Structures are given as structure tokens and as C-alpha cells.
Amino acid sequence: MRFDALRRRLSQLEDAKESPAGIIRRADLKAGNILMTKQVRTNMRKRIGTVPGVEIGDIFFFRMEMCLLGLHAPSMAGIDYMSVRNDLEEEPLAVSIVSSGYYDDDAEDKDVLIYSGQGGAANKDKGATDQKLERGNLALERSLRRGNEVRVIRGMKDSVNQVSKVYLYDGLFRIQESWVEKAKSGCNIFKYKLARIPGQPDAFGVWKSIEKWREGLSSRAGLILPDITSGAESMPVALVNDVDEEKGPAYFTYVSTVKYSKSFKLTQPAYGCNCRNACQPGNLNCSCIRKNEGNFPYTANGVLVCRAPMIHECGPTCPCFPNCKNRASQTGLKARLEVFKTKDRGWGLRSWDSFRAGTFICEYAGEVIEKVSQVGEEGDGYVFDTSHVYESFKWNYEPGLVEEDGSIEAIEEPNVPSPLVISSKNVGNVARFMNHSCYPNVFWQPIMYENNNESFIHIAFFAMRHIPPMTELTFDYGKSRSGEAAADGGSTSRGRRKCLCGAPICRGYFG
DNA sequence: GCAAAATCACTGCG
DNA sequence: CCGCAGTGATTTTG
């Protein structure tokens, strides 16, 4: 994650530069190179089998990430191998492979992978040639004989952003057979059949199931409602219960953004920018960028660079186009979310799509309320209270703002008028179903933008790290600054609640 | 120190 | 506005 923080920061700095056409910006390589030279990496010794710290189902968005973790060392090549001594001689054995779609692999089955050897592909200098039994191909051949475990990483198109790729660690496989066949080019290529070792948790299997639900080929088990938003969002949000008989949460009115009633004084007079089509990173004439201390908050592909006390986005009355990158939290749902029944924590929220760290997920919609008059609502979990930042902000998206050399600068707490209390008991959106965790994968970020000459604060949720599909989305509800949320002498039903998040670092209570 | 492996951002096309 | 193919500068490893 340190890699990605640095990569985002470098992207931000690169985006801000005057970029002559033709220059290709590879912040991933730059970030990788910096961390490599600083020796910020793990599992440098190659190994067969499991890599400490990497779980089956973990996802990555750059080859460099897997390189730094020691999951798959080569920055490009699909086959990683190491030299192992047997009784007589040293021989190369394959330790991990990446099946990314460059070759004609057969990767449809979740338990069997037909993998192509490396080399021989045509490029601009020469045509296709026969593959040779050397390097990775030789290592795979030797691994077939040895029967050692090989880590398999599957590279796929990202379901949300079709131009980018996501890499899924699918666990350990064993090579069963190999053969040579003629490719379309007419040249010989090696093929290897790998079988997934039984007993490992599903990873690619989950992705395949989602694919089927998406195409409507198989029905979703436990589906109650195809869309609880009734079309209020840009994407449908399914309601699913495959745990018990409960038919759904209590009734509420679905809205997609926060509602301020007129009586609130949390707003302040404001003005937008004067940019004509899209606000350009590095353009300090843009007042919205100036409000963010000169830093454009998002990278070119819309990922939040760093958590900040406040992010200033362009608003409805800014003259820039709606596709201006500085409106990342206003473009509606991009991922296919579903509300599902958890085993022991009521309803929860998860996604069919994966999220890369820093991706906008959804806003916390609801009604801004007076905390004092409606404090009785606090026990039911439908209140977002920004005064509970004390613990929750400690779990930074990053330890802070990452500088160009990889060093980190601490960041401040959110800059929101305390208290900003949003109730989603009667009126709300998907965010009201997100449960608490002491080790969350989502964080909240105050965002301000202007509408009708007034600025409004919105609470937006972003992915704290890469989140694989079907993982429950959770954020830290935090702890009241006073330490005693029920300080008004209220009943035990509100205030601190027992935590069931199950994280090793669980605080025991929240709220 | 060079060759091999293929990535990923960007551009233009339909 | 979308996906797709084409292009170029680039990395770590052996």
C-alpha cells in the first residue's frame, strides 16, 4: 500500500507538470524504482509456495506491486523461477506465473489453467518464432517433473475501468502435463496444464460467479430485490439474503445525496472556479485547485491521492464540464454494490466489482440533524457523527502525505464543523448499511463544493486499500471525543456498543 | 552489461 | 463516449 500511496503522489506531481505530447508517464515504474532502491520490499528471497503476508484472493493493479511483495519478482515476464539444488545438479523450478491474456491461455475454468510458455511472440522487429525450452519454459518443465507448488496470478480486465488490469492471486497449483502445439502463427508453443490444489478458499471462482450473475446466466441465490434504490442511483443495488429468512431492512426513503434543511448554519458563502472545460492539474488560476493548497486531489484516472482535512471539489455552478476530474464524488455509483445479510451484524454492504485504493465508493446520504435534540437516535446505527473522529481518523488511508522521495508527512484531522451529524434513519442511501470495523477497508472524507453560492459539506467514502469483490465494506465509526458517548445519562442501548468486527486489533467497543 | 520478458499510459480510429 | 489496436519508453533479472 505504501507503493500505491507513492504512485498516486507521483501521478499527481506528474499530472501537474506541463506535459509535452508524447511523454509517457509511468508513475508505477517510478514508484517501484524508488522503493526498490530504498529496499522497501518484502520476501526478497524467492520461495516455493505461500508468500507471507499475501492471501489468496488479494488483488493488485500493477506488476510492480507484486514485485515489491515478493509474490512475483519479474517486472514483465510471466514466469518466475529460481534455481534449486537437487541430488545431482542445480535446476530451475517455477515459483509463480501470471496469466494475463498476452498469450492464448485457456483460463476459463477456476480449477484448471492451460498456460502458454514464454517467448516467440511477434513484435515490430521480427515475426513469430518457435518457443525454446529455456528460461521459464524449462523451469515449468522441471516443475512438472518435481511436482512443486506454483503460485498462480490471474490478470483480468478491471470490470469498472476496462482499460486497466487487475491481478488476482488465486493460490497454489500443480503442473499436470505439458505439450507442444502449433499457435495461430504456425510456430510451436509450449502448453502447460495446471490444476488448483484442493482445499484452498475460492478466489477466481468468486469472480466467475459474479460474471455469471452479471450476464444473467445464473440467478443470484437469496436475491430479494434487484434494486433497493428504485432507480435513484446510476447502478442498481441488489438486496440479498442467503443466511436466514429476513425479507429486508425496515423501510426508509432512498436519496442519493445529503440533505441540508434551511435552518443550518454550516454552510458558508462561496464561489466556484472560472475554468472553461476541465480544470487542469497544476493550473493555479483555478480557484478550486487553490483551495486544495495547489494540489489536484485526484489522479488522472480519478483516484484520491491522499486523505486531507477537507477536499474542495468543483460544484454544480462551476463552469467547467461535468467530466472535470475534480468532481469524483459527484458522479454517482460506479460499482455494482449489494446489500446483504451478514451472519451476526445485521445488514451489510459489499461489491461485485473490485476497488483500487483511493476509489470513490459512495456518499453518506441522509438528513443533517441537530445532535442534541435527536440524540436518542444514536443507538440504531443510522447516524454519522463527525465528532467521532478520534479513533477513526487514526486509521489513515496512508500514514500521511507521501513525498516524491517516498518519505511521509503527517496529516491533520478532518476540518469539519463539529458536530456535523447526518441521520439516515428515515432518509438515506447504501452507505447506511455499511458496518463498523476496527480494521476497516473504507474511510470517510469530508468534501466541500459550492451550489447556489453556498458551500455544502458532504461525507464521501473511499477505498482505503485494494478491495477484492464480495468483501464486506466497513469503516471505523470512531469514538466520541468525550470518551463517553452516553454522557447525557442515557440508557445503555445507545452510546458505546459491543464490537463484533473480529479484527485482531478490535477495540471491543465503538460509538 | 546486454538481451529477454511484456507492461501501461496514451493516442487515434471507428 | 465506448472499446480496440497501435506505439513507445520502460523495469528487473539472469
Side-chain angles (χ1 to χ4, degrees), chain A residues 3-4 6-8 10-15 17 19-41 43-46 60-84 90-105 115-126 128-140 142 153-167 189-190 234 277-278 281 299-303 321-325 331 334 356:
Chain A
F3 163 81
D4 205 58
L6 178 57
R7 186 194 61 78
R8 289 193 306 268
L10 291 169
S11 290
Q12 182 185 46
L13 294 168
E14 289 291 326
D15 288 348
K17 285 181 192 157
S19 61
I23 295 276
I24 288 152
R25 297 187 290 247
R26 290 291 300 265
D28 59 317
L29 299 180
K30 206 164 164 184
N33 188 258
I34 289 169
L35 298 184
M36 276 282 184
T37 51
K38 288 191 133 194
Q39 297 286 306
V40 184
R41 52 190 297 198
N43 306 310
M44 286 175 67
R45 218 190 71 250
K46 289 192 180 185
F60 309 93
F61 289 85
F62 293 92
R63 291 287 301 259
M64 270 295 176
E65 291 182 279
M66 298 187 284
C67 179
L68 292 166
L69 284 172
L71 181 67
H72 186 85
S75 58
M76 294 179 185
I79 306 166
D80 192 11
Y81 57 96
M82 63 189 280
S83 185
V84 174
E90 297 240 323
E91 65 175 353
L93 291 181
V95 294
S96 63
I97 59 168
V98 179
S99 168
S100 64
Y102 183 77
Y103 294 98
D104 197 14
D105 296 347
Y115 189 74
S116 305
Q118 65 185 187
N123 61 29
K124 68 170 164 47
D125 296 329
K126 61 175 172 45
T129 57
D130 286 346
Q131 290 187 345
K132 297 190 192 76
L133 190 59
E134 57 183 23
R135 302 168 188 276
N137 299 342
L138 180 62
L140 286 171
R142 294 293 165 85
I153 297 135
R154 296 177 185 262
M156 295 157 284
K157 275 184 177 170
D158 185 352
S159 51
V160 174
N161 183 6
Q162 292 284 323
V163 292
S164 78
K165 223 181 244 178
V166 51
Y167 296 95
I189 55 167
F190 293 99
S234 47
N277 31 42
T299 65
N301 57 9
V303 170
F321 290 168
N323 66 355
C324 167
K325 299 283 187 213
T331 50
K334 286 266 171 41
R356 73 163 72 184

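Remember, predicted model here, so these are calculated numbers, not experimental data. Chain naming here is simple, since letters A, B, ... match the order of the sequence lines and numbering starts at 1 in each.
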query = B:dC10 phosphate, OP1 or OP2: any side-chain N/O from A:R25 under 4.0 angstrom?
reply = yes

task = Side chain of A:F62 only, please: which of B:dA9, B:dA6, C:dT11 is the nearest?
result = B:dA9

task = Verify, without hydrogens or angle tests, whether A:R63 (side chain) and A:A77 (backbone) share a donor-acceptor contact under 3.5 angstrom.
result = yes

query = Which part of the nucleic acid, if any, lies within reach of A:D28 when heavy atoms closer than 4.0 Å are counted: base, sugar-phosphate only, or nothing?
reply = sugar-phosphate

query = Would you say the side chain of A:R26 and the base of C:dT11 hold a donor-acceptor pair, judged only by whether the two atoms sit under 3.5 Å apart?
reply = no

inquiry  = With nearest nucleotide decided by heavy atoms, which residue, A:M76 or A:Q162, maps closer to the 5′ end of DNA chain C?
reply    = A:Q162

ask   = Relative to the 5' end of DNA chain B, which residue comes earlier, A:S100 or A:A300, by the nucleotide with the nearest heavy atom?
value = A:S100

request  = Can you tell me the distance, in whole Å, between the CG atom of A:D80 and the C1' atom of C:dT11?
outcome  = 14 Å

request  = Rounded off to whole Å, could you give me the NZ-to-P distance for the A:K30 and B:dA9 pair?
outcome  = 14 Å

key: Whichever of A:Y103 and A:R7 has its nearest DNA chain B nucleotide further upstream toward 5'   = A:Y103

task = Please test A:R356 against A:D4 for salt bridge (Lys or Arg N to Asp or Glu O under 4.0 Å), starting from the C-alpha separation and ending with a verdict.
result = CA-CA 9 Å; A:R356 73 163 72 184; A:D4 205 58; 5.7 Å; no

inquiry  = Whole angstroms only, please: what is the CZ-P distance between A:F61 and B:dT7?
reply    = 16 Å

inquiry  = Just the rounded figure in Å: distance from C1' of C:dT12 to CD of A:E65.
reply    = 16 Å

ask   = So what does A:G136 hit on the nucleic acid, given a heavy-atom distance under 4.0 Å: a base, only sugar-phosphate, or nothing?
value = nothing

request  = Would you mind reporting whether A:Q39 and A:M44 have side-chain heavy atoms less than 4.5 Å apart?
outcome  = yes

query = Just to confirm, is there a sub-4.0 Å distance from OP1 or OP2 of C:dT10 to any side-chain nitrogen or oxygen of A:S75?
reply = no

request  = Grab the CG-P distance between A:N43 and C:dT12 for me, whole Å please.
outcome  = 18 Å

inquiry  = What is the separation between atom CD on A:E134 and atom P on B:dA3, rounded to the nearest whole Å?
reply    = 15 Å

ask   = Nearest-Å distance, OH (A:Y81) to P (C:dT12)?
value = 17 Å

ask   = Given B:dT7, C:dT11, C:dT13, which nucleotide is nearest the side-chain atoms of A:M64?
value = C:dT11

message = If the test is side chain to side chain contact (heavy atoms under 4.5 Å, CB included), which one of A:Y115, A:Y81, A:F190 qualifies with A:L140?
response = A:Y115

message = Does atom NZ (A:K132) have a neighbourhood of more than 12 heavy atoms from anything else shown, all under 6.0 Å?
response = no

Pairwise 5' ranking along DNA chain C for A:L29 and A:V163, keeping only the more 5' one = A:V163

message = Taking any heavy-atom pair under 4.0 Å as a contact, classify A:K46: base, sugar-phosphate, or nothing.
response = sugar-phosphate

request  = Please state whether the phosphate of B:dC8, meaning OP1 or OP2, lies under 4.0 angstrom from any side-chain nitrogen or oxygen of A:Y167.
outcome  = yes

note = Rounded to whole Å, the CZ-P distance (A:R45 to C:dT12) equals 21 Å

ask   = Under 4.0 Å: is that the gap between some side-chain N or O of A:N33 and OP1 or OP2 of C:dT10?
value = no

query = Looking at the side chain of A:R135, which of B:dA4, C:dT10, B:dT7 is the nearest nucleotide?
reply = B:dA4

inquiry  = C:dC2, OP1 or OP2 - any side-chain N/O from A:K157 closer than 4.0 Å?
reply    = no

ask   = When rounded to the nearest 0.5 angstrom, what is the spacing between CD in A:Q131 and CD in A:E134?
value = 10.0 Å

